[in-house]
Amino acid sequence: MIPLRSNTSVDINTNENYLDIILQISNSKFYLGGPRAEFLLGSFKQIQLYQIKTIMVEMFVFGLIFGSFVYHLFFFLLNRSQHAFLFFSIICFTFLMRIPFLNSKMYEYVLPTFSFEKEMMILHFINILSFMAGNLFLNTLFQRKKFSFINYIFYFGALGACFSPLIDGRHRYYLNLLYLIIFLLFFLLHSFLLLYLNKKNRESYYLMGIGLFSLAIFCFLSISLNFLGIQGGLYLILGYLIYVIFQSLSLGKYFTYAIESRSELEFKMAEENMNALAKQRSDMQIMMHDNLGADLTDLKVYLEKQSRNLNFIQINELLPQLQYRVISIIKSLRNQLLSIEDLNLTYENFLTGLNLTLLRRYFDAGREFDFNISEKLSSTLQSVHLKSNNRIYFLDIYYMLYELCTNDLKYGFGESIWRLDLVVNEIRIYQTNQINEESENKFLSLKSIGNRLQKLEGKVNSQIKDNVFIAEIFIPYASNMDLMKNSL
């Protein structure tokens, strides 16, 4: 005889006023010889109506949880960074797998009846999946309040529970029940602890707390009733429903709070970015004003000095020199104004601003410029905007390349070749140009570039071979997410 964990309806036809029912129950391993649950006696219509009502309740709950499962799963597919929705959908899925085995045993309408031991093991592994998904859900929801030792308890507990099929008979049943009770307590205590430590969003806190409290009450009520021989599956199903409803509301509130916090953070970052840009422009304008004033003062002193001792013919000879100095002043003023515009563009689009800055400097110097950037790095940097979380990092790169260009314009000649690439989260920059023999020692001095690279945790290798300067710069690439974490 194969032990079953199934509901059975028996039709009894009799014309007598009295009815004796004698039962032979063989389940000494699990219920010590007693029945698994209570017996219901009634007319055919009464029993049928009871079964229909029970199935309707279970189907209603199943439909609501299935809707929650689909909603959160598709929400994750559309927002891959929100892993909390994925793990909550897995929790809903484990509830959906359990419901057909509870109370009216709906699975028997579509599948052959499983033996008691087979059904017990199916529910046991569903419990393992539920606790693992629940723990991962808490870790993703409260990322800053993780407790590593609790995670290890869940991991080792799940690993040990997977070997329970190797244990035979009643001991396996009680071990599975012990695993369920202990880790249900761990999950609830872990959840309440994280809620207590995270009180920023009170609405989400209360909703999640109500759902967890309801789940705890109904779970332990169902376990207690089943142990006493009373059918408790319906209470467990109601506990699942209340938990899913309140947890869905809590997750929605939490996500809304996260979106609002992120928008507020982005607004602050944009405001800081504007202030930083305004300050930088103000500093450059002051420097431009000082340079222009100094140049004009030098020109005035030079003219006064020359005009005292010069006749008309000598003044005419002085005009070309005067014109050259005025053109130099105008060119210096123009370059400083263009530098401000280039910096503004760099803030809006780092790659475009960098390319235009280098191109303009080489064009003004009458030098050829070959700038090549790999598709991988181009696609990575194309959408980079300088904000408070990444501004220092990218400005250090910008000014480092600006100084490398200055070094080239000062000591090099001919075509300048630049190659930029992204290899395994590392930005690699190659720059080569021809130099004069007398400039060899000066060109290898890259102290200012080395100082910036030290801040970026990068390195530079430079050498001169056959009057050709070769520089190789390696900079660890920090994504916006990494920079965001470092700034928080």
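Computed from a predicted structure; not experimentally measured.
- Partners of Glu403 under the salt bridge (Lys or Arg N to Asp or Glu O under 4.0 Å) rule, at least two apart in sequence or in another chain, are Arg452.
- Here the closest heavy-atom approach between residue Ile91 and residue Gly134 is recorded as CD1-CA, 3.6 Å.
- With a 6.0 Å radius and a threshold of 12 heavy atoms from other residues, nucleotides or ligands, Phe66 has its CZ atom at or below the threshold.
- A 4.5 Å side-chain heavy-atom check between Leu188 and Phe220 finds at least one atom pair inside the cut-off.
- Across Phe69 and Ser89, no two heavy atoms sit closer than the pair CD1-O, 3.0 Å.
- Thr357 and Tyr398 share a side-chain donor-acceptor pair at under 3.5 Å.
- Nearest approach of Leu77 to Arg80, heavy atoms of both residues: O-NE, 3.1 Å.
- In terms of the salt bridge (Lys or Arg N to Asp or Glu O under 4.0 Å) criterion, Lys459 has no residue partners (sequence neighbours excluded).
- Between Phe154 and His190, the ring-plane angle classifies as tilted under the 30° and 60° cut-offs.
- The heavy-atom pair separating Leu236 from Arg98 by the smallest distance is CD2-NH2, 3.7 Å.
- Formation of a donor-acceptor pair under 3.5 Å by the Arg428 side chain with backbone atoms of Phe474 is not found in this model.
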side-chain contact (heavy atoms from CB on, under 4.5 Å) between Trp418 and Ile373, worked out: CA-CA 8 Å; Trp418 293 65; Ile373 183 169; over 6 Å; no
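- If you look at Phe363 and Phe369, their ring centroids are not closer than 6.0 Å.
- Side chain to side chain, Arg361 and Thr406 meet the donor-acceptor criterion of an N or O pair below 3.5 Å.
- Leu251 contributes atom CG, which lies 12.5 Å from atom CZ of Phe87 (distance to the nearest 0.5 angstrom).
- Considering all non-hydrogen atoms of both residues, Tyr362 and Ser416 come closest at OH-OG, 3.0 Å.
- Nearest heavy-atom pair across Phe88 and Ser68 is CE2-OG, 3.7 Å.
- Of the candidates Phe76, Phe75, Phe74, Phe75 is the only one forming a ring-ring contact (aromatic ring centres under 6.0 Å, His included) with Phe85.
- For the residue pair Asn433 and Gln431, a side-chain donor N or O sits within less than 3.5 Å of a side-chain acceptor on the partner.
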Test side-chain contact (heavy atoms from CB on, under 4.5 Å) applied to Leu215 and Tyr240, step by step: CA-CA 6 Å; Leu215 180 66; Tyr240 290 163; 4.1 Å; yes
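- Side-chain polar atoms of Tyr179 and Ser164 form no donor-acceptor pair below 3.5 angstrom.
- Within a 6.0 Å radius of CZ in Phe213, no more than 12 heavy atoms belonging to other residues, nucleotides or ligands are found.
- The ring of Phe469 has its center no closer than 6.0 angstrom to the ring center of Tyr411.
- Side-chain contact check for Asn467 versus Gln434: every heavy-atom pair is 4.5 Å or farther apart.
- Using a 4.5 Å cut-off on side-chain heavy atoms (C-beta onward), Thr432 and Arg419 make no contact.
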Audit row: Phe163, Leu159, side-chain contact (heavy atoms from CB on, under 4.5 Å) steps and yes/no: CA-CA 7 Å; Phe163 291 97; Leu159 181 62; 4.2 Å; yes
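- At distances below 3.5 Å, at least one donor-acceptor pair connects side-chain atoms of His124 with backbone N or O atoms of Ala161.
- The number of heavy-atom neighbours closer than 6.0 Å to CD of Gln454, taken from other residues, nucleotides and ligands shown, is 12 or below.
- Contact of the Pro165 side chain with the Phe125 side chain is registered, since non-hydrogen atoms from C-beta on lie closer than 4.5 Å.
- Atoms OH and CE, from Tyr155 and Met132 in turn, are 5.5 Å apart once rounded to the nearest 0.5 Å.
- Proximity of Leu241 to Phe95: side-chain heavy atoms (C-beta onward) are nowhere separated by under 4.5 Å.
- Rounding to the nearest 0.5 Å places CG of Leu102 at 11.5 Å from CZ of Phe62.
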Audit row: Gln82, Thr140, side-chain contact (heavy atoms from CB on, under 4.5 Å) steps and yes/no: CA-CA 8 Å; Gln82 301 296 328; Thr140 53; over 6 Å; no
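- Residues passing the side chain to side chain donor-acceptor pair (under 3.5 Å) test with Asp421, sequence neighbours excluded: Ser374.
- In this structure, Leu96 CG and Ile90 CD1 are separated by 12.5 Å, a value rounded to the nearest 0.5 Å.
- To the nearest 0.5 Å, the span separating CD1 on Ile126 from CZ on Phe101 amounts to 5.5 Å.
- Considering CG of Leu73 and SG of Cys92, their distance stands at 10.0 Å, rounded to 0.5 Å.
- No side-chain heavy atom of Phe371 sits under 4.5 Å from any side-chain heavy atom of Leu359.
- The only option from Leu453, Asn461, Ile427 that meets the side chain to side chain contact (heavy atoms under 4.5 Å, CB included) definition with Ile473 turns out to be Leu453.
- Using a 4.5 Å heavy-atom cutoff, the side chains of Ile475 and Ile429 are in contact.
- Formation of a donor-acceptor pair under 3.5 Å by the Asn135 side chain with backbone atoms of Phe131 is not found in this model.
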